[in-house]
Amino acid sequence: MSDTQLSNCPTHVAIIMDGNGRWAKKRGLPRVAGHKKGAESVRKVIKASAELGVKFLTLYSFSSENWKRPEDEVSALMGLLGRYLKSEIVELHSNNIRFRVIGDRERLPENIQRLISDSERMTEQNSGMTLILALSYGARAEIAEAARKIAKSAKLGLIQPDAIDEDVFAAHLSTAGIPDPDLVIRSSGEKRISNFLLWQLAYSEFYFTNTLWPNFDKKDLIEAFQEFNKRDRRYGAIASES
Ligand code: IPE
Ligand code: IPE
Ligand code: MG
């Protein structure tokens, strides 16, 4: 299947990259070997997404609940993340990719926080694809944080309670200014949201594949896009051909 046969590329693709541990277990390897292999899929999928014309790519990389994992797995993941940022950011920048992070970054190790802010600053003028990593991210925490910010503004008289509508609320989320995902992909066969972008996914299309994340590549991405192209997005209205 050639890339040119894609009639309509989703503008914003969000991926729940799941199945690293199971990939490793199947091979009798430690879970961290799955995470390492998964980092290769991340590289491939970023490149493929930019080539196919995706404008925003959000990758769920570490959830607020993933802090509950054993300390050695968490520190291995943070180590991988640090190495990934150091080795990839120049390449991302040279490909005109803008890098952003959503999530509770204050819980991340300080060196990672620095790498993130340096990377965001370095790439903020880039006009190609925006790559958003969801790190230490939880949608309920994000929604509660938005409510807290709005309440503070209301208390100061900067906003009237009656003026709080969906647009005002969305503007207080960490994804302010980013269009909602058109397509959400989850690898590994699990079919749940796991506290990912609860507000933003209201009308997204979902695509589930049994492929484990370390095996996920451009071919899987194209398959997801082809399936996306068959969907009729009605947004509560009636079918477009009716
Ligand atoms: C996804 O793979 C990566 C992270 C959540 C960090 P998992 O580590 O969840 O892999 P499984 O689900 O145990 O196979
Ligand atoms: C979701 O995967 C989070 C990421 C992919 C980063 P999990 O493996 O943490 O989700 P659950 O526990 O199966 O719901
Ligand atoms: Mg998992």
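No hydrogens, no waters, no symmetry mates; every other heavy atom, side chains included, goes into these values. Keep in mind it's a predicted model, so treat the numbers as computed, not measured. In each ligand, atom 1 is the first atom listed, and ligand 1 is the first ligand listed.
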Q: His35 heavy atoms, cut-off 4.0 Å: which ligand 1 atoms fall inside?
A: 3 (C), 8 (O)
Q: Give a yes or no on whether Lys149 atom NZ has more than 12 heavy-atom contacts from other residues, nucleotides or ligands under 6.0 Å away.
A: yes
Q: Hey, is ligand 2 close enough to Arg186 that some N/O pair sits below 3.5 Å?
A: yes
Q: Between Lys218 and Glu51, does any side-chain N to carboxylate O distance fall below 4.0 Å?
A: yes
Q: Just jot down the ligand 2 atoms closer than 4.0 angstrom to any heavy atom of Phe62, in number order.
A: 6 (C)
Q: Quick check on contacts: which atoms of ligand 2 are under 4.0 angstrom from a heavy atom of Arg192?
A: 11 (P), 13 (O), 14 (O)
Q: Which option wins on minimum heavy-atom distance to atom 14 (O) of ligand 1: Glu65, Lys25, Arg22, Lys26?
A: Arg22
Q: Just to check, does Gly38 reach to within less than 4.0 Å of ligand 1 when the distance is taken from its heavy atoms?
A: no
Q: Please identify which atoms of ligand 1 are closer than 4.0 Å to at least one heavy atom of Ser61.
A: 6 (C)
Q: For the pair Arg231 and Glu227, find out whether any cationic side-chain nitrogen is under 4.0 Å from an anionic carboxylate oxygen.
A: yes
Q: Hey, is ligand 1 close enough to Gly21 that some N/O pair sits below 3.5 Å?
A: yes
Q: Might you check, step by step, whether the distance between atom 12 (O) of ligand 2 and some protein heavy atom is under 4.0 Å?
A: no
Q: Does even one non-hydrogen atom of Glu190 get within less than 4.0 Å of ligand 2?
A: no
Q: So does Ile97 get a backbone contact from the side chain of Asn95, meaning a donor-acceptor N/O pair under 3.5 Å?
A: no
Q: Could a heavy atom of Lys68 be found less than 4.0 Å from some atom of ligand 2?
A: no
Q: Any donor-acceptor pair under 3.5 Å linking the side chain of Asn229 with the backbone of Asn8?
A: yes
Q: Answer side chain, backbone, both or neither: which part of Met17 comes under 4.0 Å from ligand 1, heavy atoms only.
A: backbone
Q: Determine which pairs satisfy ring-ring contact (aromatic ring centres under 6.0 Å, His included) with at least one residue from residues 66-97, sequence neighbours left out, and list them in order.
A: Phe62-Trp67
Q: Taking 4.0 angstrom as the limit and counting only heavy atoms of Asn66, give me the atoms of ligand 2 inside it, by number and element.
A: 3 (C), 6 (C), 9 (O)
Q: With carbon and hydrogen excluded and only N/O/S kept, which atom of Asp18 is nearest the Mg ion (ligand 3)?
A: OD1
Q: Measure the distances from the heavy atoms of Ser188 to every atom of ligand 1 and state whether one is below 4.0 angstrom.
A: no
Q: If we only consider heavy atoms of Arg69, is any one of them less than 4.0 Å away from an atom in ligand 1?
A: yes
